[in-house]
Amino acid sequence: MVLVGLPNTGKSTLLNSLVGERLSIVGARPQTTWQRVAGIRTEPGVQMILVDTPGILASGKLLHRSMMCEAHAAARDADVAIVVLDGTRTLANDELLWLTEFADGLRSPMALAVNKADDRRFDASRRRALPSAIASDHHIVSAHLGTGIDSLLDFVRGHLPEGPFLYPEDHIATAPTRFFVQELVRESVFEIYRQEIPYAVSVAVEEFREDREPLYISAALYVERRSQKGMVIGKAGRGIRALGSAARTRIEEFLGRRVYLDLWVRVWEGWRRNEKGLAKFGYAVPDDASKSR
Ligand SMILES: Nc1nc2c(ncn2[C@@H]2O[C@H](COP(=O)(O)OP(=O)(O)OP(=O)(O)O)[C@@H](O)[C@H]2O)c(=O)[nH]1
Ligand SMILES: [Mg+2]
């Protein structure tokens with residue numbers, strides 16, 4: 001099953017709610033998720049692979065095109081799709097167009113999750129802006145409270161192919177631990193910094209020493225410009241210290257053990273606009289990458 005939708009609609013929060021673990025990073029600002037994140041939910045007799053994707057946007061920028069490659073590829077691979085709509089916001093015309101185009105390309109059975117039902121601005125009738133092909137089978141959900149999740153899961157169960165379990169019953173994720181560490185540092189970057197910084201930083205885990213107590217992790221934050229390095233470090237190192245502390249807390253909670261986290265800031269001029277930059281950080285490289293800005 002794949003979760004698709006516009007940025008900031010709550011796809012990642014919903015994935016976490018469906019898996020019952022904080023696997024995919026969540027942020028108050030749009031474009032938090034940059035690549036697909038898979039979670040596994042195993043019930044008696046049923047195993048679901050649930051895939052979170054970057055929010056749909058139309059942009060010529062290379063990283064944004066990479067994110068859309070991921071969303072399209074994940075959607076193509078899935079047996080069932082859930083389109084997630086933010087029930088607290090009215091769709092702008094261009095957003096409606098992007099979402100409709102994306103959903104038109106889906107070949108799998110699809111249902112709509114109208115999310116954020118717990119918010120006082122929620123209005124389920126906002127779904128009526130969508131074409132009936134997307135809006136007809138709709139489920140009112142709150143990813144925060146977990147309401148409406150059962151009806152969504154019923155829909156998914158009803159459309160899964162028969163087959164053996166692909167993963168052991170106690171597995172909840174497919175990616176290696178390093179991936180989640182990298183993402184938790186990124187989530188902390190979104191929490192600590194404002195303006196463009198969260199969109200300019202990618203994270204590479206350089207050392208991961210499980211044989212040490214506490215577990216030793218060294219990670220590099222790559223920024224796009226020299227001036228951003230100073231912004232990340234902050235006055236008297238306050239920025240990077242706050243980041244280190246926020247990220248360590250998250251990683252310790254995720255791994256259930258004590259962690260020593262070393263963070264480094266490096267400059268890679270324009271990494272987001274560079275195929276090698278995307279590849280280094282594990283992001284999809286669009287086929288015609290040279291056409292990007
Ligand atoms: N009130 C309310 N807020 C929610 C709910 N689900 C998600 N949010 C909030 O919506 C914001 C975006 O959530 P994400 O899960 O990061 O959204 P996303 O669709 O994955 O966003 P991108 O990765 O940027 O595409 C966060 O501030 C969440 O806390 C919900 O059920 N209720
Ligand atoms: Mg997300």
Side-chain angles (χ1 to χ4, degrees), residues 1-39 50-59 61 63-75 81-92 95 98-99 102-103 112-124 126-127 138-153 173 175 179-180 182-194 196-203 250 272 283-284:
M1 182 270 259
V2 68
L3 293 160
V4 298
L6 293 165
N8 209 241
T9 51
K11 300 175 296 298
S12 302
T13 311
L14 191 53
L15 177 93
N16 295 342
S17 180
L18 291 165
V19 178
E21 282 290 334
R22 295 203 53 222
L23 282 184
S24 194
I25 64 169
V26 168
R29 296 170 66 188
Q31 294 164 39
T32 306
T33 307
W34 291 358
Q35 61 201 126
R36 70 189 110 169
V37 179
L50 310 162
V51 182
D52 182 24
T53 61
I56 300 161
L57 44 88
S59 154
K61 293 192 173 136
L63 178 61
H64 293 156
R65 293 186 46 224
S66 158
M67 287 156 62
M68 286 308 91
C69 280
E70 281 280 290
H72 282 288
I82 303 288
V83 178
V84 183
L85 184 74
D86 181 344
T88 69
R89 281 190 60 235
T90 304
L91 286 176
E95 291 177 326
W98 303 335
L99 184 60
F102 194 98
L112 181 72
V114 193
N115 188 32
K116 309 196 186 181
D118 58 279
D119 191 294
R120 59 183 168 74
R121 288 162 301 179
F122 180 84
D123 179 354
R126 291 186 211 270
R127 75 173 191 283
H138 78 279
H139 305 254
I140 307 288
V141 306
S142 161
H144 271 179
L145 301 179
T147 49
I149 300 286
D150 287 338
S151 102
L152 212 53
L153 284 169
F179 171 78
F180 295 103
Q182 162 215 301
E183 289 291 272
L184 290 168
V185 176
R186 253 178 18 86
E187 186 173 54
S188 312
V189 170
F190 269 86
E191 180 200 16
I192 303 285
Y193 300 103
R194 305 280 162 255
E196 95 258 24
I197 293 292
Y199 300 104
V201 172
S202 66
V203 176
R250 283 186 162 90
R272 272 197 299 181
Y283 299 117

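Note that the structure is predicted; figures quoted are calculated from it, not measured. Order of listing sets the numbers, starting from 1, for every ligand and every atom in it.
- Here the heavy atom of the protein found nearest to atom 6 (N) of ligand 1 is Asn115 ND2, 3.2 Å.
- Counting protein heavy atoms only, atom 28 (C) of ligand 1 is closest to Val26 CG1, 3.8 Å.
- Residue contact check: Pro30 has heavy atoms under 4.0 Å from atoms 24 (O) of ligand 1.
- Within the set Gly146, Ser142, Gly5, Gly27, the minimum heavy-atom distance to atom 16 (O) of ligand 1 is found for Gly27.
- Between atom 5 (C) of ligand 1 and the options Arg121, Lys116, Met67, Arg29, the minimum heavy-atom separation is to Lys116.
- In terms of protein heavy-atom proximity, atom 13 (O) of ligand 1 is closest to Thr13 OG1, 3.6 Å.
- Summary of contacts: the protein heavy atom closest to atom 31 (O) of ligand 1 is Ala143 N, 2.9 Å.
- Salt bridge present: Lys116 and Asp86 bring a charged side-chain N and a carboxylate O closer than 4.0 Å.
- A salt bridge does not link Glu70 with Arg65: every distance from a Lys NZ or Arg NE/NH1/NH2 to an Asp or Glu carboxylate oxygen is 4.0 Å or more.
- Side-chain rings of Phe190 and Tyr199 approach one another, their centers coming within less than 6.0 Å.
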Any chance you could lay out the side chain to side chain donor-acceptor pair (under 3.5 Å) test for Thr88 and Asp119, step after step, and finish with the verdict? CA-CA 7 Å; Thr88 69; Asp119 191 294; 5.2 Å; no

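- Summary of contacts: the protein heavy atom closest to atom 19 (O) of ligand 1 is Lys11 NZ, 2.7 Å.
- What sits closest to atom 22 (P) of ligand 1 on the protein, heavy atoms only, is Asn8 N, 3.6 Å.
- Less than 4.0 angstrom separates some heavy atom of Gly55 from each of these atoms of ligand 1: 25 (O).
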For a side-chain contact (heavy atoms from CB on, under 4.5 Å) check, start with the C-alpha distance between Ile82 and Leu50, then their side-chain angles and the critical distance, and finish with the verdict. CA-CA 10 Å; Ile82 303 288; Leu50 310 162; over 6 Å; no

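- Scanning the protein heavy atoms around atom 17 (O) of ligand 1, the nearest turns out to be Gly10 N, 3.1 Å.
- Residue contacts with ligand 1 for Val84 are absent, since no atom lies close enough (heavy atoms, distance under 4.0 Å).
- For Asp118, every heavy-atom contact with ligand 1 shorter than 4.0 Å involves the side chain, none the backbone.
- Near Gln31, with a cut-off below 4.0 Å to any heavy atom, the atoms of ligand 1 are 24 (O).
- The side-chain contact (heavy atoms from CB on, under 4.5 Å) test with Val26 is passed by exactly one of Thr33, Asn16, Thr32, Leu15: Asn16.
- Here Arg186 does not pair with Glu191 in a salt bridge; the nearest charged N to carboxylate O distance is not below 4.0 Å.
- The nearest pair of heavy atoms linking Leu57 to Met67 is CD2-CE, 4.4 Å.
- Nearest protein heavy-atom neighbour of atom 29 (O) of ligand 1: His144 NE2, 3.1 Å.
- Nearest residue to atom 20 (O) of ligand 1 from Ser17, Ser12, Ala28 is Ser12 (criterion: closest heavy atom).
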